[in-house]
Amino acid sequence: VIQIGQPEHSVITTCAYCGVGCAFKAEMKGSQVVNMVPWKDGKANEGHSCIKGRFAWGYATHPDRITKPMIRASIQDPWQEVSWEVALNHAASEFRRIQAKHGRDSIGGITSSRCTNEETYLVQKLVRAAFGNNNVDTCARVCHSPTGYGLGQTLGTSAGTQTFKSVEKADVVMVIGANPSEAHPVFGSRLKKRLREGAKLIVVDPRRIDLVKSPHIQAAHHLQLKPGTNVAVISAMAHVVVTEGLVNEAYVAERCDPKSYAQWSEFVSRPENSPEALEAASGVPAAEVRAAARLYATGGNAAIYYGLGVTEHSQGSTMVMGIANLAMATGNVGREGVGVNPLRGQNNVQGSCDMGSFPHELPGYRHISDSTVRGQFEAAWGVTLNPEPGLRIPNMLDAALSGSFKGLYCEGEDIVQSDPNTQHVAAAMMAMECVVVQDIFLNETAKYAHVFLPGSSFLEKDGTFTNAERRISRVRKVMPPLGGYADWEVTVKLAEALGYPMHYRNPEEIMQEIAALTPTFAGVSYEKIERLGSVQWPCNDSTDEAGTAIMHVGKFVRGQGRFIITQYVPTDEKVTRKFPLLLTTGRILSQYNVGAQTRRTENSQWHSEDVLEIHPHDAEERGIAEGDWVGIHSRAGETVLRATLTERVQPGVVYTTFHFPESGANVITTDNSDWATNCPEYKVTAVQVMKVMQA
Ligand code: SF4
């Protein structure tokens, strides 16, 4: 720990990393943070933290921070520092010029799950009210958009059903496509505690994650499926539940839509959905699937926790609905210890989706075509809104390449490093006439920008984040913005330069507007959060001021739970003689996503590069030894990584992380995406691996 001095005062705020949303006490000396101490009264973490939240906050004052606005005529030119006024007026006049020439829909905006609720709300408002279109999207597009779609369709609300604390009442926990020990460490510790107390564990993952076997923990079943076959496994489990009479008939009869249940149960009962029939596709022995299904259905309170290993697939939305089907059929939704729980990657993925930063939805998941809802926003914002859904991120990129999309405002999101098929993204960025990046660092996306607006870190602003359990917590300013303005102020100033003034004096006023216009946020106020520490939406029920810990108690939000048929469709990304291995991707404890923050902290001493995990058999076939440099070739591109030999991955599967831009993990991922939401299929890429240099 770098201790810079003794603290003089402290400020309670929320971690800026993962979706657990731990509360911290920022201990201050003057305007300098000297320590981050996990707050014992924080309901998401109860005094615990991980090495990211506790130690990796130094990026906020890293010398790489850009604190002056900059512009340049073309991306080949050097940056030129200018005043805020010049930069904002330049961005606004470029956007208006482009719209005059190419039409109202030729520009758009992208916001980020690292932004606060208030900031995200403002970006979608700016796009809808000042740009005059719905071309707004968020980085949830590339992570949990299938969660929003799938849970909305089945249960009626696009959010997890439980509090983290609920796991303490679980008897069986099924972890699917998630690695909480690395990616959600504080929840991971809570889960491990429950497992050490005796709860049974089922892991569904192509990789042998640490939970499968760690001190005093042994998974009852590890369904080590081939990447891309989640739906085959969930359908096979459903087949067992239905055909072996393990359905909770009373629950289904009381709570679910009978017609959809009849269709679904007939579908999953078919012989082609049996574990035996699907064994060849998934690679999981049928007996193991049967045993896991019986344990989930009969083991008491059964809870499902899932991550991006569920969503980042061509059938991501299908799998989310398959999970919800299984939970409803066994009566495992609507009380403590059960539920369907997406583990959100970034701190404010939930909030970013709640705030209407999707091109088809206004805040609170209401479709833009709904004239009643649109009318409420039109009255509040004083504009006429476009009823047509706008472009998603991949559509914006495609439109840029075809010449109809020319300008982008990108706040807090590094699409060039994050999004798949980097070459495609880079070509699209180069085809645009004005790219405005608002960020704390000159990230990979800024290489293609014409205007750079200095962003502010979580330590430099007020606002709120919403974690994976729908908990809204305060982010509190502990030092002035290094660039002079907090992000929400920059968006307000850009709107003004575009001729659409917004009149907020502080983020609290933005939250008041959100609460007034968004039913799920009705009852949310800074005063209430101040008093209670945090609140969980929905929180407009007078019986519990702090909100709703468990969703769907007694009745689903949509009324009756709806079963949806989930037909397994193999991904287009096939292994061939040329590309015989399947690459899947994930995260590591000390680093966070594209690493823009953690790479600039002491955390890089534990993990300073991305490596390729390869099974010893596959390595031997290719003459690869530990530490050798290997070339990885896919249909999209190629990159070079150092290899590590491990039996964590099964033969035929390789694995890497994507925390370092130079590793180019997304140079090799493809354009394949979820059929419903276009969430990229990061988890399945057919590759060849060849040795290029000895260690
Ligand atoms: Fe931050 Fe997540 Fe670690 Fe908590 S678990 S300290 S929210 S990174």
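FYI, side chains are in, hydrogens and waters are out, and symmetry mates aren't considered; it's all heavy atoms of this structure. Remember, it's 1-based here, ligands and their atoms both numbered in the order they're listed.
- A salt bridge is defined here as a Lys NZ or Arg NE, NH1 or NH2 lying under 4.0 Å from an Asp or Glu carboxylate O, and Lys192 with Asp210 meets this definition.
- A salt bridge links Glu460 with Arg65: at least one charged nitrogen is closer than 4.0 Å to a carboxylate oxygen.
- Listed by chain and number, the residues in a salt bridge (Lys or Arg N to Asp or Glu O under 4.0 Å) with Glu197 are Lys193, Arg194 (sequence neighbours excluded).
- Of the possible donor and acceptor atoms, one in the side chain of Arg474 sits under 3.5 Å from a partner among the backbone N and O of Gly463.
- Protein atoms that are N, O or S and lie under 2.8 Å from atom 2 (Fe) of ligand 1 are these: Cys18 SG.
- With ligand atoms numbered from 1 in the order given, ligand 1 contributes 6 (S) to contacts under 4.0 Å with heavy atoms of Phe24.
- Note on Glu118 versus Lys461: no salt bridge recorded, every NZ/NE/NH1/NH2 to OD/OE distance being 4.0 Å or above.
- Under the 30°/60° scheme for interplanar angles, the aromatic rings of Tyr306 and His144 are found to be tilted.
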